[in-house]
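We count ligands from 1, going down the list as the structure has it; atoms in each ligand are counted the same way.
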Amino acid sequence: MSQVKNNKSYLSVIDNSQAPENFQPTPEIMGLWKAVYKQFRGEFGEAVFRSWLKPLSLQAFYHGTLEVSVPTRFMKDWIQTNYGPRILEMCIEKEDQISRLEIVVVQKSTPLDMDAETEKTSPAIKANANALAEELELSSPLDPRFKFENFVVGDSNALSHAAALRLVESKAMPFNPLFIYGGVGLGKTHLMHAIAWAIREHHPEKTVMYLSAEKFMFQFVKALRAKDTMAFKELFRSVDVLMIDDVQFISGKESTQEEFFHTFNALIDQNKQIIISADRSPNDIQGIDDRLRSRLSWGLVADIQPTNYELRLGILKAKREMLGVEMPDAVLEFLALKVTSNVRELEGALNRLAAHADISRTPLTLEATQHVLQDLLRSHDRRITIDEIQRRVSEHYNLKVSDMHSARRSRNVARPRQVAMYLAKQLTARSLPEIGRKFGGRDHTTVMHAVRKIEELMEEDASFAQDVDVLRRALTG
Ligand code: ADP
Ligand code: MG
């Protein structure tokens with residue numbers, strides 16, 4: 001894990017060589033600590049208190065330094081960055097002999113055990129579920145790059161990252177479900193995979209099922225057709241951790257929603273962990289049942305906000321190291337300034353530069369960067385709108401702009417409309433539902449289908465691909 005944040009210097013790295021052993025806090029120190037408890041709880045609330053202050057235990061007091069311990073390095077970093085300065089202030093207000101707060105990690109040897117408070121599923125059911133999951137190819141493969149150690153933390157994603165880590169590190173389930181939401185390309189899937197990897201590593205005996213909501217729906221419909229919904233229910237009910245990515249795709253599908261809701265409730269009742277991601281908060285997902293909405297917000301809802309410059313630069317530096325390429329800082333700074341839409345695009349730009357540097361075998365300059373990324377940078381200078389795309393595409397195919405919104409389904413209208421949807425997805429930051437709305441209130445699945453269809457056609461038909469490319473260049477140039 002990389003931390004972009006600076007640690008406070010007065011909460012410095014521990015050298016506890018001078019700390020006395022067998023510390024017995026004096027009544028004064030105990031009294032002080034109790035007063036800090038009270039004040040902290042009042043200021044930050046019960047939940048924060050229980051998660052972050054309560055786990056601290058008094059370790060030592062020497063030369064004005066109050067030393068406290070936590071069980072994990074992660075907790076130390078988190079408390080240090082977010083609450084350390086305030087805790088120290090509270091201590092100083094009460095006892096002016098204190099001038100420093102040291103947080104040390106004292107690892108307890110108890111291994112992670114999320115089973116402690118959960119009901120055990122019988123091995124037979126579990127074997128069955130795993131076999132079934134494999135057979136149905138239900139659980140999606142995890143990307144080996146999407147691990148915690150490759151996730152750069154900054155202000156915008158700190159909450160979701162902390163929640164994810166906490167879930168993995170906790171003995172009992174700290175919150176259920178965990179709901180992570182944020183815009184496209186900001187790291188939701190990365191975090192989901194990281195959680196799945198970590199659970200698999202620490203709990204090989206657990207059945208972790210990770211899948212997209214799309215896949216969930218697809219499997220459900222398939223089971224309905226085969227009249228085998230029992231097996232489907234069993235399958236989900238016998239997993240230990242169910243992770244569903246992009247849950248916004250479930251909206252609007254009533255029977256799937258109903259099934260999801262029941263599966264969801266059954267799992268929570270059995271103390272199974274559920275982790276969900278979406279492109280928006282439960283409150284903002286349209287077309288879902290109110291019961292489902294409120295159940296989704298039951299646990300912890302954590303967001304990922306758009307990146308800031310500092311985080312983008314941090315991510316670029318981490319990726320540069322991973323790729324092992326030479327790239328001047330100035331180039332990275334330039335990218336962090338220019339490519340602000342999301343991390344996926346930022347990565348794309350960096351990969352392109354790396355490939356260029358590799359082939360040309362000349363050191364990268366800012367000028368070369370600008371040249372290599374010409375099209376991309378231009379599209380960022382000028383925001384392309386869906387209206388503009390619709391206008392261009394209609395023009396190109398000799399249609400009326402209103403055909404983009406109409407219900408007409410004949411191929412000569414439908415195909416260009418699909419091209420426009422595809423371009424809207426490629427060239428704007430709009431989500432599928434937003435694009436759907438701009439095309440006469442169509443469903444996001446229609447947009448998704450259009451994008452796939454155009455991608456397929458472009459692969460099959462070179463002249464069609466060129467056609468689309470010309471349109472794209474016209475829009476971005
Ligand atoms: P989302 O699921 O939110 O659309 P992804 O998780 O697919 O986004 O992230 C898009 C790309 O950006 C991935 O390659 C991911 O590794 C990378 N990425 C996003 N956030 C970070 C981060 N904080 N640190 C490192 N890489 C990140
Ligand atoms: Mg994703």
Side-chain angles (χ1 to χ4, degrees), residues 1-5 74 77-78 81 139-165 178-198 210-217 243-250 275-281 284-285 301-323 332 335-336 339-355 376 425-426 428-435 444 447-448 451:
M1 172 183 66
S2 331
Q3 269 279 5
V4 169
K5 278 180 180 155
F74 159 69
D77 290 342
W78 185 257
T81 318
S139 206
S140 307
L142 300 177
D143 190 319
R145 293 165 307 160
F146 292 177
K147 297 197 172 169
F148 277 121
E149 62 257 38
N150 300 326
F151 193 83
V152 184
V153 185
D155 290 338
S156 53
N157 58 23
L159 178 63
S160 286
H161 175 260
L165 259 189
L178 169 60
F179 189 106
I180 297 175
Y181 75 91
V184 182
L186 295 180
K188 300 181 297 294
T189 298
H190 188 139
L191 263 188
M192 296 279 274
H193 285 213
I195 294 173
W197 280 118
Y210 165 85
L211 71 166
S212 65
E214 255 182 295
K215 208 162 177 181
F216 179 92
M217 287 194 326
M243 310 180 77
I244 299 191
D245 208 352
D246 287 323
V247 84
Q248 71 274 6
F249 288 129
I250 283 184
I275 306 160
I276 281 165
S277 86
D279 67 352
R280 62 200 66 191
S281 78
D284 291 335
I285 301 183
V301 178
D303 64 345
I304 302 186
Q305 290 293 324
T307 54
N308 59 17
Y309 172 78
E310 198 188 7
L311 177 59
R312 288 195 294 275
L313 191 59
I315 290 172
L316 287 169
K317 285 185 172 168
K319 305 260 174 206
R320 171 175 66 184
E321 197 171 315
M322 240 167 66
L323 291 171
L332 300 191
L335 284 184
V339 186
T340 57
S341 50
N342 66 48
V343 183
R344 191 172 296 135
E345 289 206 15
L346 197 61
E347 270 187 340
L350 189 74
N351 288 337
R352 222 152 102 184
L353 283 180
L376 190 128
K425 184 77 194 99
Q426 297 293 315
T428 74
R430 301 273 159 249
S431 68
L432 294 175
E434 282 172 317
I435 295 172
H444 67 269
V447 183
M448 202 157 66
V451 172

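Residue Val184 has no nitrogen or oxygen atom sitting less than 3.5 Å from a nitrogen or oxygen atom of ligand 1, judged on distance alone. Checked by distance only, ligand 1 and Gly187 come closer than 3.5 Å through their nitrogen or oxygen atoms. Considering backbone and side-chain atoms together, Phe151 places no N or O closer than 3.5 Å to any N or O of ligand 1. Annotation: Val152 places an N or O atom under 3.5 Å from an N or O atom of ligand 1; distance criterion only.
Using a 4.5 Å heavy-atom threshold, the side chains of Ser160 and Ile180 count as touching. Within the 4.5 Å cutoff, side-chain heavy atoms of Leu353 are placed close to those of Leu335.
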Let me see the working for Lys188 and Asp246 under side-chain contact (heavy atoms from CB on, under 4.5 Å), right down to the final yes or no. CA-CA 9 Å; Lys188 300 181 297 294; Asp246 287 323; 4.3 Å; yes

For His190 and Val343: C-alpha separation, side-chain torsions, deciding distance, then whether side-chain contact (heavy atoms from CB on, under 4.5 Å) applies. CA-CA 11 Å; His190 188 139; Val343 183; over 6 Å; no

Test Leu191 against Phe148 for side-chain contact (heavy atoms from CB on, under 4.5 Å), laying out the working first. CA-CA 7 Å; Leu191 263 188; Phe148 277 121; 3.9 Å; yes

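In this structure, Met192 CE and Tyr210 OH are separated by 5.5 Å, a value rounded to the nearest 0.5 Å.
Distances below 4.0 Å separate heavy atoms of Gly183 from the following atoms of ligand 1: 3 (O). Residue Val343 has at least one heavy-atom neighbour below 4.0 Å for each of these atoms of ligand 1: 12 (O), 17 (C), 18 (N), 19 (C), 20 (N), 21 (C), 27 (C). Atom numbering of ligand 1 starts at 1 in the shown order; those under 4.0 Å from a heavy atom of Lys319 are 16 (O), 25 (C), 26 (N).
Summary of contacts: the protein heavy atom closest to atom 7 (O) of ligand 1 is Arg344 NH2, 2.9 Å. Looking only at protein heavy atoms, the nearest one to atom 25 (C) of ligand 1 is Asn150 O, 3.2 Å. Protein heavy atom closest to atom 16 (O) of ligand 1, with residue, atom name and distance, is His190 ND1, 2.7 Å.
At a heavy-atom distance under 4.0 Å, only side-chain atoms of Asn157, from C-beta outward, approach ligand 1. Residue Glu347 touches ligand 1 through its side chain alone, judged by heavy-atom distances below 4.0 Å.
The side chain to side chain contact (heavy atoms under 4.5 Å, CB included) test applied to Ala213 returns Ile244, Phe249, Ile250, not counting sequence neighbours. By the salt bridge (Lys or Arg N to Asp or Glu O under 4.0 Å) test, Arg344 is found to be paired with no residue, residues two or more places apart in sequence or in another chain being considered.
Heavy atoms of Gly154 come nearer than 4.0 angstrom to ligand 1 in no pair at all. Using a 4.0 Å cutoff on heavy atoms, His161 does not count as a contact of ligand 1. At least one heavy atom of Gly185 sits closer than 4.0 Å to an atom of ligand 1.
With 3.5 Å as the limit, one finds a donor-acceptor pair spanning the side chains of Thr189 and Asp245.
The Mg ion (ligand 2) has no N, O or S atom of Met192 closer than 2.8 Å.
Phe151 and His161 have parallel rings, their planes meeting at less than 30° on a 0 to 90° scale where 60° marks the start of perpendicular.
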